[in-house]
Amino acid sequence: MIKMDSKNLLYEGKAKSVFQGENPDEVIIDFRDDMTAGDGAIKENMGQKGYINSVICAKIFETLESEGVETQLIELCKPCVMKAKKLDMIPIEVIVRNIATGSIIRKFPFEDKAPFNPPLIQMDFKDDEFHDPMLNDAISIALGIASKEDLDTLRELALKVNEVMNKMFKDIGIILVDFKIEFGKDNDGNIILGDEISPDSCRLWDAETLDMLDKELFRQGKDDEVIDDDEVIDAYEEVFNRLLTEEDKEKWGI
Ligand code: C5P
């Protein structure tokens, strides 16, 4: 397997590093334990997070693939290390909301916890310098980051991802409140789901207690100036334990 060293490093994100793979069309993604909030201003090392997120992401991507959504995943080589298709990423964060919470209720007069039916799709420009501002079609097209057809495809795929994930989480007693996904294009111009889906990028609530099982615990801890690392990792582990079957664990050597 290709070495994950600085020579092969293509891109270092806030929580993942992307290395050139052996094949020119492939990359190796290293899921790190770093956790950030506030456009990367606050950074912490959260033990085991990379391991947990990489496995959760592989499980979700595999399920999406089985339901006809093409993803970047080639294989999870081992926890933390994913072999993936090399994509030209579209700098748009596609956010799907089933329940009103978070930034949408700070920006608009939606009632806290009101359901969105149909789900609300929002697109933000992925750019820390500009603090990820909300996009509309005209702005995306004028920026040259997506065509009208691309935007329609992103919406269609986002709704399909939501449908599959809603069922996946419902089956394990978790409410999928909202999530963020990113897409890229392969060499043939096909739009493919990339990046990751994990408790870093979703809001997940226990269906009975409504306890949070995601990164929101870290964000709130940051606001209160007391981040309880164990609480955050325990929540991620809860999602991991509910989602993975014995077969999955055997396959990935867990
Ligand atoms: O903060 P906000 O309510 O806009 O977040 C909506 C959803 O998108 C949440 O699930 C959050 O975890 C995710 N998100 C993300 N990365 C961002 C912005 C939002 O994963 N940069």
Side-chain angles (χ1 to χ4, degrees), residues 11-16 29 31-32 34-44 46 49-50 52-54 56-57 60-61 71-72 89-116 119-136 140 145 154-155 157-159 161-162 164-166 168-169 174-184 193-206 210-223 227 231-233 235-236 238-239 243:
Y11 169 79
E12 182 134 337
K14 295 191 197 96
K16 297 188 294 300
I29 304 173
F31 285 69
R32 306 194 317 266
D34 296 328
M35 196 153 205
T36 66
D39 293 332
I42 309 285
K43 187 167 161 177
E44 265 209 29
M46 202 62 80
K49 191 197 69 136
I52 295 171
N53 275 6
S54 66
I56 292 177
C57 180
I60 294 175
F61 277 14
T71 77
Q72 188 177 19
M89 294 304 290
I90 300 169
I92 295 181
E93 299 191 333
V94 183
I95 294 169
V96 181
R97 299 179 188 272
N98 296 304
I99 294 176
T101 188
S103 70
I104 201 81
I105 61 168
R106 293 194 293 273
K107 289 178 183 156
F108 299 97
F110 290 114
E111 195 187 322
D112 189 17
K113 298 197 174 67
F116 286 118
L120 194 81
I121 301 181
Q122 174 190 335
M123 297 198 194
D124 289 353
F125 182 41
K126 187 179 165 78
D127 192 311
D128 282 345
E129 195 187 329
F130 288 88
H131 307 293
D132 303 341
M134 203 181 285
L135 289 166
N136 64 20
S140 304
I145 56 176
L154 296 185
R155 279 185 280 264
L157 288 170
L159 285 179
V161 170
N162 188 43
V164 175
M165 280 177 54
N166 253 319
M168 252 185 116
F169 282 111
I174 291 176
I175 301 170
L176 177 63
V177 176
D178 57 27
F179 62 92
K180 182 269 302 178
I181 44 181
E182 295 178 33
F183 295 87
L193 179 66
D195 193 53
E196 72 175 283
I197 301 181
S198 72
D200 268 9
S201 60
C202 303
R203 281 199 183 90
L204 304 168
W205 294 347
D206 180 276
L210 300 186
D211 284 349
M212 292 183 283
L213 299 171
D214 60 75
K215 188 175 169 181
E216 196 63 24
L217 292 164
F218 177 77
R219 295 191 196 99
Q220 288 195 354
K222 180 202 69 134
D223 291 343
I227 297 170
E231 189 190 20
V232 178
I233 284 300
Y236 279 47
E238 181 66 30
V239 178
L243 208 50

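For ligands, and for the atoms within them, numbers begin at 1 and follow the listed sequence. Sequence positions, counted from 1, serve as the residue numbers for this chain. Computed from a predicted structure; not experimentally measured. These numbers come from the heavy atoms of this one structure, side chains and all, not from hydrogens, waters or symmetry mates.
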Colleague: Applying a 4.0 Å heavy-atom criterion (strictly less than), which segment of Arg97 is in contact with ligand 1: side chain, backbone, both, or neither?
Modeller: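 Side chain only.
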Colleague: Looking only at heavy atoms of Asp124, does any of them come nearer than 4.0 Å to an atom of ligand 1?
Modeller: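 The answer is no: ligand 1 sits nowhere under 4.0 Å from a heavy atom of Asp124.
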Colleague: Which pair of heavy atoms, one from Phe179 and one from Cys202, lies closest together, and at what distance?
Modeller: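 For Phe179 versus Cys202, the nearest heavy atoms are CB-SG, 3.7 Å.
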Colleague: Suppose we measure from atom 10 (O) of ligand 1 to each protein heavy atom; which comes out shortest, and what is that distance?
Modeller: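 Looking at atom 10 (O) of ligand 1, the protein heavy atom closest to it is Asp178 OD1, 2.7 Å.
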Colleague: Check Asp214 with Arg203, please: is the shortest side-chain N to carboxylate O separation under 4.0 Å?
Modeller: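 No.
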Colleague: Using a 4.0 Å cut-off to any heavy atom of Asp200, which atoms of ligand 1 qualify?
Modeller: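 Reading through ligand 1 atom by atom, the close ones are 12 (O), 20 (O).
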Colleague: Among protein heavy atoms, which sits nearest to atom 18 (C) of ligand 1, and what does the distance come to when rounded to 0.1 Å?
Modeller: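 Checked against all protein heavy atoms, atom 18 (C) of ligand 1 sits closest to Glu93 OE1, 3.7 Å.
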Colleague: At less than 4.0 angstrom from any non-hydrogen atom of Asp132, what atoms of ligand 1 do you find?
Modeller: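 By the 4.0 Å cutoff, the relevant atoms are 21 (N).
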Colleague: Please could you name the atoms of ligand 1 that Arg203 approaches to less than 4.0 Å, counting only its heavy atoms?
Modeller: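 Near Arg203, the atoms of ligand 1 are 1 (O), 2 (P), 3 (O), 5 (O), 6 (C), 9 (C), 10 (O).
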Colleague: Heavy-atom pairs closer than 4.0 Å: do any link ligand 1 to the side chain of Arg219, the backbone, both, or neither?
Modeller: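 Within the 4.0 Å criterion, Arg219 contacts ligand 1 through side-chain atoms alone.
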Colleague: Determine the minimum heavy-atom distance between Gly194 and Phe61, stating which atoms define it.
Modeller: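 Closest heavy-atom pair between Gly194 and Phe61: O-CZ, 3.5 Å.
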Colleague: Heavy-atom distance to atom 16 (N) of ligand 1: which of Lys107, Glu182, Lys180 wins?
Modeller: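 Nearest heavy atom to atom 16 (N) of ligand 1 lies in Lys180.
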Colleague: Should you measure from each heavy atom of Cys202, which atoms of ligand 1 turn up under 4.0 Å away?
Modeller: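 So the atoms of ligand 1 that pass are 10 (O), 12 (O).
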Colleague: Within less than 4.0 angstrom of ligand 1, does Glu196 place any heavy atom?
Modeller: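 No, Glu196 has no heavy atom closer than 4.0 Å to ligand 1.
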Colleague: Is Gln122 close enough to touch ligand 1? Criterion: a residue heavy atom under 4.0 Å from a ligand atom.
Modeller: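 Not so, Gln122 does not reach ligand 1.
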Colleague: Identify the heavy atoms of Gly221 and Ile227 that sit nearest to each other, and give their distance.
Modeller: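 Closest approach of Gly221 to Ile227: C-CG1, 3.5 Å.
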Colleague: Please determine whether a side-chain nitrogen of the Lys or Arg among Lys180 and Asp124 lies less than 4.0 Å from a carboxylate oxygen of the Asp or Glu.
Modeller: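 A salt bridge is absent here (no side-chain N lies under 4.0 Å from a carboxylate O).
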Colleague: What atoms in ligand 1 come closer than 4.0 Å to a heavy atom of Ser201?
Modeller: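 Those qualifying, in numeric order: 10 (O), 12 (O), 13 (C), 20 (O).
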Colleague: Short question: side chain of Gln72, backbone of Asp195 - any donor-acceptor pair under 3.5 Å?
Modeller: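 At least one qualifying donor-acceptor pair exists.
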Colleague: Would you mind reporting whether Asp200 and Tyr236 have side-chain heavy atoms less than 4.5 Å apart?
Modeller: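 Tyr236 reaches Asp200 side chain to side chain.
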Colleague: Are any of the side-chain heavy atoms of Glu231 and Phe218 separated by less than 4.5 Å?
Modeller: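 Glu231 vs Phe218: side chains apart.
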Colleague: Starting from atom 2 (P) of ligand 1, what is the nearest protein heavy atom, named by residue and atom, and what distance separates them?
Modeller: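 Closest protein heavy atom to atom 2 (P) of ligand 1: Ser103 OG, 3.3 Å.
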Colleague: With under 30° as parallel and over 60° as perpendicular, where do the rings of Phe110 and Phe116 fit, or are they tilted in between?
Modeller: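 Ring orientation of Phe110 relative to Phe116: perpendicular.
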Colleague: Is there a polar contact between ligand 1 and Arg106, counting only N or O atoms under 3.5 Å apart?
Modeller: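 The answer is no, given that Arg106 and ligand 1 share no N or O pair closer than 3.5 Å.
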Colleague: Ignoring hydrogens, what is the shortest heavy-atom contact between Ala15 and Lys49? Give both atom names and the distance.
Modeller: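 Closest approach of Ala15 to Lys49: CB-NZ, 3.7 Å.
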Colleague: Minimum heavy-atom separation for Met212 to Leu217, with atom names?
Modeller: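 Heavy atoms of Met212 and Leu217 come nearest at O-CD1, 3.6 Å.
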Colleague: Please identify which atoms of ligand 1 are closer than 4.0 Å to at least one heavy atom of Gly102.
Modeller: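 Close to Gly102: 3 (O).
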Colleague: Lys215: heavy atom below 4.0 Å from ligand 1, yes or no?
Modeller: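 Not so, Lys215 does not reach ligand 1.
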